[in-house]
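Notes to accompany the following structure.
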Amino acid sequence: MRQCGGGGPACAQPRAVGTRARGPGDKVDAVITRLSNYFLRTLREDPSDAEVTSHRLLVRAGYIRRQAPGVFAWLPLGLRVKEKIERIIREEMNNAGAHEVHFPALLPREPFEITGRWEEYGDGLFRLKDRKGSDMLLAPTHEEAFTLLVKDLYNSYKDLPLSLYQIQDKYRDEARPRAGLLRGREFTMKDAYSFDYTDAGLDKSYQAQRDAYERIFTRLGLEYVIVKADAGAMGGSKSEEFLHPTPIGEDTFVRSAGGYAANVEAFTTLAPEPRSFEGLTPAEVLPTPDTATIQTLVDSANANHPRPDGRLWTAADTLKNVVLALRYPDGTRELVVVGLPGDREVDQKRAEAAFAPAEVEPANEDDFKANPGLVKGYIGPWSAAGPVLGADEENPSSTGIRYLLDPRVVSGSGWITGANEHGHHVFGLVAGRDFTADGTVEAAEVLAGDPAPDGSGPVELARGMEIGHVFQLGRKYAEALGLKVLDENGKLVTVTMGSYGIGVTRILAIIAELNNDENGLIWPKTVAPFDVHVVATGRDAAVFEAAETVAAALEAAGKDVLFDDRPKVSPGVKFGDAELIGVPTIIIAGRGVAEGVVEIWDRRTGERTPVAISEVVEALG
RNA sequence: CGGGGCGUAGCUCAGCUUGGUAGAGCGCUCGGUUUGGGACCGAGAGGUCGCAGGUUCGAAUCCUGUCGCCCCGACCA
């Protein structure tokens with residue numbers, strides 16, 4: 001930690017605990033939480049609008065209530081779990097040397113205008129006007145706000161490095177919110193930002209956050225995979241996502257046994273070596289009627305134009321040329337043609353990552369009408385009359401459309417591809433000899449078994465849910481907003497930044513998703529709303545007194561206790577509610593009380609153990 | 001944005017085809033019985049049937065429009 005001498009803003013200390021005055025675990029007094037007057041209503045039936053398990057159970061057990069699509073109110077039980085998760089995050093952020101702050105969700109347009117995000121965010125941004133007609137927004141993240149805050153207060157390299165964080169609600173107007181808390185329009189996020197004046201410093205800050213994330217997810221008991229992420233769109237240099245592997249995840253990632261892991265958008269193709277043209281036969285145009293699809297082309301080729309070596313043609317021997325339309329943020333539209341092996345489709349997400357910030361859509365009928373040189377179903381870079389796509393200065397192509405190749409289409413590789421003549425393909429067309437391209441592009445889908453780019457073996461595909469993201473932003477925001485400091489030599493240098501996010505409410509939902517059975521939730525001890533749920537059964541006053549004694553003793557021993565003291569509620573209802581709510585340890589006071597005994601019920605295993613009342617505190621450690 | 005489904009009591013739903021004074025279970029209130037797995041009896045409170053037009057003597061029900069919600073896809077940290 002830096003020296004803190006003569007006061008000033010640099011000396012703000014991270015707080016040991018959170019900003020909230022009180023949370024679970026803080027022993028301000030020993031008032032027992034009684035279910036008889038707790039704000040809770042459990043539902044006997046599943047809510048009809050909840051599909052996924054976490055959503056269903058969190059609503060049914062009285063943790064959250066829906067307010068609008070993707071927007072939820074937090075009830076006392078839900079708040080307690082949320083605060084437990086936040087506490088773990090706060091502890092690790094503070095350990096990593098980050099200082100907690102808190103920004104408003106409501107922000108002015110101007111800084112977002114300057115960084116370009118007012119436009120780039122598109123419909124995903126919640127925009128509103130104040131009474132004077134000024135544009136405001138509900139922040140989707142806070143890069144601009146943090147950058148400007150630091151610019152306001154700091155101007156020397158001596159103030160750096162600096163890491164700030166907040167735990168705060170974010171707003172994104174999702175096209176389709178779904179799955180309860182898993183994809184909401186309002187969600188709680190821990191977002192942190194680091195400020196350095198050297199690249200080495202950024203690396204260090206980034207690593208500190210990354211390490212903290214590993215500790216956080218480990219403490220939360222969440223399995224995670226750190227994958228390379230696509231950094232291009234945000235203009236940054238390095239980016240990794242923490243994905244929780246789960247079939248319901250919305251991200252597809254790849255990993256190899258040798259340790260490579262990447263989001264599919266960030267996967268890079270291991271290209272084969274270029275080959276010599278020597279010994280290759282000249283290209284030949286052959287009739288291939290009615291072969292507008294790859295499969296019909298392969299069948300036709302095998303039937304009518306078999307390979308000289310006896311092997312059958314496959315889709316991988318064909319070069320498929322896909323016409324895409326790129327739509328740029330400024331409204332311009334450009335056609336490109338992507339050439340890729342015929343056994344692969346264009347992956348739209350990968351294409352968009354490659355062509356960012358443009359959006360990608362398939363070419364439409366009008367595009368083909370405007371470019372008669374592209375013969376639908378028979379598109380190729382070459383024609384008898386000269387290049388159609390991807391020529392050089394000496395040999396301009398007839399269409400002038402940008403032509404980009406999959407990295408597998410290396411120089412010296414031969415292909416069957418469209419001859420730009422209806423009903424005809426050209427066989428043995430060799431890249432580098434017979435046609436050229438304007439470059440390569442990572443737009444083809446990734447298939448299981450593809451080699452990892454680092455040579456660590458074939459990859460498998462898996463689904464994951466993003467729970468954290470660490471990102472070296474570099475100087476993009478500092479540059480745009482003018483965040484500079486004086487360095488050791490008295491020169492103004494632009495600050496380099498990182499941003500680091502964790503989805504708090506999404507994590508809560510994933511934990512719920514992972515920890516339940518047919519009767520309800522089963523919280524891990526680290527995040528459970530209470531440590532112990534004491535149930536008094538029956539109507540015998542002695543039982544209620546004994547239960548209260550146990551509850552008070554546990555409170556005094558530092559446990560968070562929920563006491564089901566509801567009178568005139570049958571044991572079946574109380575047991576059902578206890579299971580639904582999911583506190584990991586339940587204590588049942590009932591007929592054993594006469595012998596001085598209660599039962600400790602493990603929610604997860606279902607095991608019930610009789611324990612003397614006097615030994616309950618000790619038994620629970 | 002495309003496809004599908006649904007809007008009736010706090011919750012889950014029936015009634016709509018074939019128009020005739022708005023229902024059930026659960027929950028809630030009161031009284032009583034019951035109390036180790038969502039017990040029961042009796043008495044209650046609670047709904048302009050999403051909204052707006054139209055047809056009709058009469059509309060939850062038929063017609064038109066509209067709004068909203070959920071699911072799948074597209075999209076998306």
Side-chain angles (χ1 to χ4, degrees), chain A residues 41-52 55-56 59-60 62 65-71 117 120-125 139-143 170-180 182-185 187-191 227 229-231 233-234 239-244 249-252 263 265 327 348-349 352-353 359-362 464-471 499-507 519-520 535-541 543-544 564 566-580 586 588-593 598-599 601 606 608 610:
Chain A
R41 174 113 307 144
T42 57
L43 306 179
R44 184 172 295 216
E45 285 164 283
D46 285 335
S48 63
D49 62 352
E51 197 78 4
V52 298
H55 187 195
R56 210 183 79 233
V59 171
R60 194 141 92 81
R65 298 291 297 174
R66 197 192 72 96
Q67 300 300 296
V71 180
R117 292 212 297 172
E120 279 168 26
Y121 237 99
D123 291 336
L125 192 63
T141 62
H142 280 77
E143 278 81 3
K170 299 283 184 273
Y171 297 85
R172 295 184 194 173
D173 193 1
E174 296 290 341
R176 185 155 93 82
R178 73 184 86 181
L182 286 171
R183 173 167 295 284
R185 294 194 296 170
F187 55 97
T188 305
M189 185 179 188
K190 184 287 301 177
D191 49 325
V227 306
D230 170 49
M234 293 275 283
S239 173
E240 292 170 293
E241 285 171 1
F242 287 70
L243 298 183
H244 172 73
E250 295 173 318
D251 287 303
T252 305
N263 197 302
E265 285 97 321
R327 190 188 295 279
Q348 194 173 349
K349 284 185 176 182
E352 296 215 325
E359 286 176 34
V360 175
E361 56 193 50
M465 179 73 70
E466 185 179 354
I467 52 178
H469 196 161
V470 290
F471 202 128
S499 86
Y500 317 93
I502 290 182
V504 176
T505 41
R506 174 176 283 185
I507 282 173
N519 295 319
V535 175
T537 64
R539 56 174 182 174
D540 182 350
V543 168
F544 277 70
D564 191 347
R566 290 174 295 179
K568 298 182 179 179
V569 174
S570 71
V573 171
K574 291 188 173 185
F575 293 159
D577 279 346
E579 285 171 310
L580 187 55
I586 302 158
I588 306 169
R591 37 189 188 214
V593 163
V598 294
E599 283 167 88
W601 179 16
R608 297 187 188 191

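Proteins come first, then strands; the chains are lettered A, B, ... in the order of their sequence lines, and each starts at number 1. Just so you know, these numbers use all the heavy atoms, side chains as well, and skip hydrogens, waters and symmetry mates.
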What's the CD-C1' distance between A:Glu51 and B:rC69, to the nearest Å?
13 Å
B:rA77 base stacked by A:Phe187 (centroids within less than 5.5 Å, tilt under 30°)
yes
Euclidean distance for P, B:rC51 against B:rU8 (whole angstrom):
10 Å
When the P atoms of B:rA9 and B:rC49 are considered, how many whole Å apart are they?
10 Å
So, are A:Arg178 and A:Glu51 salt-bridged, with charged N and O less than 4.0 Å apart?
no
Just checking A:Ser48: base, sugar-phosphate only, or nothing, at a heavy-atom cut-off of under 4.0 Å?
sugar-phosphate
How close or far is atom P of B:rA9 from atom CZ of A:Arg44, stated in whole angstroms?
20 Å
Under the salt bridge (charged side-chain N to carboxylate O under 4.0 Å, His left out) rule, what do A:Glu143 and A:Arg117 come out as? Steps first, then yes or no, please.
CA-CA 10 Å; A:Glu143 278 81 3; A:Arg117 292 212 297 172; 3.0 Å; yes
Counting only side-chain N and O atoms of A:Arg178, is one of them less than 4.0 Å from OP1 or OP2 of B:rC75?
no
Under 4.0 Å, counting only non-hydrogen atoms across every strand here, what does A:Arg66 touch: a base, just sugar-phosphate, or nothing?
sugar-phosphate
C1' atom, B:rC16 versus B:rC62: distance in rounded Å?
10 Å
A:Thr537 and A:Arg591: side chain donor to acceptor below 3.5 Å:
no
For A:Asp577, report the nucleic acid contact type (base, sugar-phosphate, nothing); a contact means any heavy atom under 4.0 Å.
base
Using the side-chain heavy atoms of A:Lys568, tell me which of these nucleotides is nearest: B:rA77, B:rU35, B:rC75.
B:rU35
Nucleotide opposite B:rG73 in a Watson-Crick or G-U pair, distances under 3.5 Å
B:rC1
Regarding the side chain of A:Arg539, the nearest nucleotide among B:rU35, B:rC28, B:rU12 is B:rU35
Protein-nucleotide distance (A:Phe575, atom CZ; B:rG38, atom P), rounded to Å:
11 Å
Over all strands shown, is A:Pro69 touching base, sugar-phosphate only, or nothing at heavy-atom distances under 4.0 angstrom?
sugar-phosphate
Rounded off to whole Å, could you give me the CZ-to-P distance for the A:Arg60 and B:rC26 pair?
16 Å
Return no unless some side-chain N or O of A:Arg176 is found under 4.0 Å from OP1 or OP2 of B:rA74.
no
Side-chain N,O (A:Ser570) to OP1/OP2 (B:rA39) below 4.0 Å
yes
Which comes earlier along RNA chain B counting from the 5' end, the contact point of A:Asp46 or that of A:Thr537, where each point is its nearest nucleotide?
A:Asp46
To the nearest 0.5 angstrom, please state how far the CD1 atom of A:Ile507 sits from the OG1 atom of A:Thr188.
11.0 Å
Base, sugar-phosphate or nothing for A:Gly124? Non-hydrogen atoms, less than 4.0 Å.
nothing
Whole angstrom value for the distance that separates P of B:rG27 from CZ of A:Arg566:
12 Å
Just compare B:rA77, B:rU34, B:rC11 and give me whichever is closest to any side-chain atom of A:Glu174.
B:rA77
How far, in whole Å, is B:rU48 from B:rU55 if one measures between their P atoms?
25 Å
Atom C1', compared across B:rA14 and B:rA60: separation rounded to whole Å
12 Å
Strand partner of B:rG36, provided both Watson-Crick or wobble distances fall under 3.5 Å
none
Expressed as a whole number of angstroms, how long is the span from A:Lys574:NZ to B:rU35:C1'?
10 Å
Heavy atoms under 4.0 Å, any strand shown: does A:Glu466 hit a base, just sugar-phosphate, or nothing?
sugar-phosphate
Considering only atom C1', compute the distance from B:rG7 to B:rG50 and round it to an integer number of Å.
6 Å
Expressed as a whole number of angstroms, how long is the span from A:Arg183:CZ to B:rG73:P?
12 Å
Using atom P of each nucleotide, how far apart are B:rG42 and B:rA24 to the nearest Å?
14 Å
Inter-nucleotide P distance (B:rG4, B:rG65), Å rounded:
16 Å
From CG of A:Leu580 over to P of B:rC11, roughly how many Å is that when rounded to an integer?
17 Å
Nearest 0.5 Å, please: how far is OG1 in A:Thr505 from NZ in A:Lys170?
10.5 Å
Assert: residue with more 5' nearest nucleotide on RNA chain B, out of A:Gly468 and A:Gly592, is A:Gly592
Do A:Glu45 and B:rG27 share a donor-acceptor pair, side chain to base, under 3.5 Å?
no
Are A:Thr42 and A:Asp577 close enough that a side-chain donor and a side-chain acceptor fall under 3.5 Å?
yes
Please report the interatomic distance CZ(A:Arg60) to CG(A:Leu580), rounded to the nearest 0.5 Å.
5.0 Å
